[in-house]
Amino acid sequence: MPGFAQANDLQAWQQLQSHHSELGKNIVLKEYFEEDPQRFERFSRTFHNEADKSETLFDFSKNFITDETLKLLVQLAKEAKLEELRDDMFAGKKINFTENRAVYHVALRNVTNQPMEVDGKSVVEGVNEVLEHMKEFSEQVRSGKWKGYTGKKMNTIVNIGIGGSDLGPVMVSEALKPYGDRNLKLHFVSNIDGTHMAEALRDSDPETTLFLVASKTFTTAETTTNANTAKNWFLGHAKEASHIAKHFVALSTNEEEVTKFGIDKKNMFGFSDWVGGRYSVWSAIGLSVCLFIGFDNFHEFLAGAHSMDKHFKETPLEENIPVLGGLLSVWYSDFFGAQTHLVSP
Ligand SMILES: O=P(O)(O)OC[C@H]1O[C@](O)(CO)[C@@H](O)[C@@H]1O
């Protein structure tokens with residue numbers, strides 16, 4: 001496995017620095033377009049989504065770049081061994097060297113069931129089992145077959161989590177709102193400030209609320225504190241601890257802590273330590289999204305990402321949309337000192 005070089009030790013980095021100084025600070029895009037009528041064609045790529053046959057145009061012609069910039073950025077990626085690291089990632093190798101783990105969220109959206117393994121063991125069956133559980137559970141909740149402790153259908157979902165166990169699901173459920181079930185209220189509680197939970201509970205009925213305790217480790221202080229607040233609130237109404245089973249589920253890798261909290265392990269949706277927090281919306285952590293938009297839509301969401309994974313894996317760097325997007329971020333943050341980078345639809 002290739003190691004990680006310091007980016008600024010690479011030859012292309014030095015060249016990019018000189019190139020940046022030569023370009024100067026007063027780049028006028030209007031002039032670039034006037035000088036080169038083919039600029040849009042040269043600096044745009046189309047992603048063909050094999051899942052739904054749609055096309056997405058990636059237009060990066062309005063960036064502060066020239067042919068030389070693109071050439072040097074791609075050279076930088078090659079010198080940094082991006083291709084080897086990408087291939088190692090897809091091969092399930094432990095490229096997360098600080099934790100000695102694979103970085104394998106791509107296996108969560110492997111909807112065509114390609115062989116994928118970590119430590120010589122297939123992960124395909126485990127991923128599909130959890131997806132099957134998510135399908136069964138989300139269909140029961142959405143249809144009303146899953147009933148609360150007084151026999152009522154769930155109409156409120158409260159996801160309790162922070163960081164990757166919150167932000168991914170928040171963003172995706174917002175983005176996919178048009179597919180959402182408008183009869184289902186969705187709350188995401190992340191903040192340790194009690195107001196966040198208090199506001200969600202104010203809007204919830206214990207008889208019809210389902211809590212998703214989303215935590216990879218199940219030891220995160222904010223999440224366990226908020227989950228305990230929710231449990232106490234719930235038990236204040238339901239009284240019986242046995243009713244927890246109908247109103248609390250866990251999305252986690254830590255069965256021991258989940259059980260200690262009082263959640264039955266059959267109401268636990270698991271995943272593996274090779275799922276990084278920031279990518280966990282594709283795992284069981286995405287259950288809130290799945291409940292909101294339904295399993296079929298959730299599966300399409302996975303299929304779209306799987307198609308993008310294939311593009312990322314097989315496309316030369318010059319044509320590779322996620323690579324180009326990443327390189328533009330390097331260009332702006334490291335050479336222009338930009339702190340934000342807008343990507344707009
Ligand atoms: O899912 P957990 O284990 O509760 O962790 C929450 C978040 O905290 C972090 O560990 C650090 O911010 C993230 O990586 C993670 O998404």
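In listed order, ligands and their atoms are each counted from 1. Basis for what follows: all heavy atoms, side chains included, without hydrogens, waters or symmetry-related copies.
Residue Lys216 has at least one nitrogen or oxygen atom sitting less than 3.5 Å from a nitrogen or oxygen atom of ligand 1, judged on distance alone. Every N/O-N/O distance between Arg278 and ligand 1 stays at or above 3.5 Å.
Taking every heavy atom of Ile162 and a limit of under 4.0 angstrom, the matching atoms of ligand 1 come to 6 (C), 7 (C), 16 (O). Heavy-atom contacts of Thr220 reach the following atoms of ligand 1: 2 (P), 3 (O), 4 (O), 5 (O) (cutoff under 4.0 Å). Close approach of ligand 1 to Gly277 is summarised as follows: ligand atoms under 4.0 Å from at least one heavy atom of the residue are 16 (O). The atoms of ligand 1 that sit less than 4.0 Å from any heavy atom of Gly164 are 15 (C), 16 (O).
Taking the six-membered ring for Trp, Phe301 and Tyr179 have ring centres at least 6.0 Å apart. For an aromatic pair to be called close, the ring centres must be under 6.0 Å apart, and Tyr149 with Phe234 satisfies this.
A salt bridge between Lys135 and Glu132 is absent, with no side-chain N of the basic residue lying under 4.0 Å from a carboxylate O of the acidic one.
When distances from atom 13 (C) of ligand 1 to the protein are checked, no heavy atom turns up under 4.0 Å. Distance screen at 4.0 Å: atom 10 (O) of ligand 1 has no protein heavy-atom neighbour inside the cut-off. Put simply, atom 3 (O) of ligand 1 has protein non-hydrogen atoms near it, under 4.0 Å away.
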Requested in this report: For Asp273 and Thr253, run side chain to side chain donor-acceptor pair (under 3.5 Å): C-alpha distance rounded to whole Å, both residues' side-chain angles, the deciding distance at 0.1 Å, then the answer.
Outcome: CA-CA 7 Å; Asp273 68 2; Thr253 59; over 6 Å; no
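When every heavy atom of Ser280 is checked against every heavy atom of Ser165, the shortest pair comes out as OG-N, 4.3 Å.
One side chain, Gln75 or Glu79, offers a donor N or O that lies under 3.5 Å from an acceptor on the other.
Seen from the ring of Phe33, Arg39 counts as a face-on cation partner, given the 6.0 Å and 45° thresholds.
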